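Below, each value reflects all heavy atoms present in this structure, side chains not excepted, and no hydrogens, waters or symmetry copies. Every value quoted in this text rests on a predicted model; they were computed, and no experiment measured them. In the text below, chain A, chain B and the rest are named by the order of the sequence lines, each starting its count at 1.
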Amino acid sequence: MTFVVTEACIKWKYTDCVEVCPVDCFCEGENMLVIDPDQCIDCGVCEPECPIDAIKPDTEAGVERWIEINAAFSKAWPNIDSKKPPFAESDDWKDVSAKHEHFSPKPAAGS
Amino acid sequence: MASSPDDVIDWYARFAAGRPGAIVVEATGIRDVPSGPLLRIGHDRFVPGLRRLTAAVGEASGGHTKLFNQLIDFLAIRRRPERTKFLEQYLRITDAHRRALGDCNLADGEVRMRLMALDDSELARILTPQELQSLRFGHRERVTDMDIPHIRDLPAVLPPLFADAALRAKAAGFDGVELHYAHANTMASFLSRTNTREDGYGGAREQRVRLPLEVMAAVRARVGPDYVVGCRYLADECIDGGSTVDDAVFFGVAFARANMDFISTSRGGKFDDAKQPNVGAAAYPYTGPSGYECMPQYISDERGPFGRNSEPTAQIRCAIREAGFDTPVVCSGGVHNFEMAERLLADGTCDIVGAARQSLADPDWLLKLSRGEGRAVRTCSYNNYCEALDQKHKPVTCQLWDRENLDAPGATLTADGKRRLTAPPWQPSGGTRPSVYLQAAKQPGRNL
């Protein structure tokens, strides 16, 4: 298994997780992060760091589409290994649960 | 591992402050060649630095901790190449390639062009298994590459290299050396059932153990009869076609007969089943099933990461005793509390218990146990955060303490300032409490 970043991260992107990853396996899209499943070593250190529980084990029910998104976009997006200011709109979006239609396939700006 | 010499010394001094019976200092290269982040002992100029290390450990442990140096030799491994670069530059063109392409008069350049035009499955049919392995994983030297002079000559070259290194360890103030015969290194590869050398150093067990014994003899001759010389080797290679516990039993008795002062077991950790690295990265022997057996983590089977080498080690020790030798046997693997350590000693699995990850999680854990403060032990979570850092050649720390009190006086941090390099100090609670000692400390004959 590995861990995956799920829907809750969209438009939030708080990046606390990237600070603690021992293998720097987070990649940054325009409005969310993903985990590179080929680099993740399942240590689970990032999971409790996420303030909105966006990081889940890939064995959890309901995360199937996010496993695919993490696998695909980790190959396309740039690596991120240090914390950034949160996404500008994050406070407006943190309590919105169904956000998958807002997923952006674009890489992080400036990359 | 840690980056600067001071960091390395601080790292070991921190373990020593917890007063374990012994510390084996990480694999240290015996050749005078650059070797990335590895410690080295391949030249006399390394002795003063290592002497600082042994002095710091002696001081931090109040002289309670014996210090051994693990001596290692390894063969070359390259990063996984880009396909084009491999076919343009690295691959040695042979007549076998020409035959496979159906034209024995092709110039090398033409062969390369044609190979590059093939798809992966066609290419796989033309390349030898080893060439294909070099393309997919990066080239790796093996002890069976008898066409390479420096590989062929290993049996002549290695005994004096190990002997010189052991003498330097002695000069640097180590209490002894541990010859590294485990995992994926040169000596382990000689012991492996995959070693098919036909020069008397491969094939049958008696031949495969020959060089490890010759190395031992050379070391013993150089350091004298009273210096501690032990070895670490695999109780099971845990790979298809590899050595099993039957081989390990045979080797263990042979080592005991050769007067090895201690015998320490490990498990797996081979290149043979390692995960394919990304292009530009090197294969790592702790990524496949045998790597899992070596450093199992919390996502596991019903056994968990605990004591996976106990039964094989017990078999080895039993055979050594039956052969009439009292060589101390060291077992490790997921040992994390008094109960487990005590059981391994009490049931005859081993004479000495080793613990790496638990000691990283809490360098003071033995001290806490001996003072009756077992509840204060920080127990390893076996998530292998530490091992991941090591794999990425970053300073190894433990997730359980590396972000604690970063601004405390005396705390040294990683270059990015995010992690402390050693566990925070522990202050024992005051008063005179009844002490609990590890059973091993009270039993005669367990004096290492």
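- For B:Tyr382, no part lies under 4.5 angstrom from a heavy atom of chain A.
- With chain A as the partner, the residue from B:Asn278, B:Ile299, B:Asn383 showing the most heavy-atom pairs under 4.5 Å is B:Asn383.
- By the 6.0 Å and 45° rule, B:Lys368 stacks over the aromatic ring of B:Trp426.
- Applying side-chain hydrogen bond (donor to acceptor under 3.5 Å, both in side chains) to B:Asn384 and the options B:Gln399, B:Gln391, B:Arg357 leaves one that passes, B:Arg357.
- Remark: the B:Tyr12 side chain and the B:Glu26 side chain contain an N/O donor-acceptor pair separated by less than 3.5 Å.
- Residue B:Arg419 does not touch chain A at all, counting heavy-atom pairs closer than 4.5 Å.
- Distance alone, capped at 3.5 Å, is enough to place a donor-acceptor pair between the B:Arg420 side chain and the B:Glu404 backbone.
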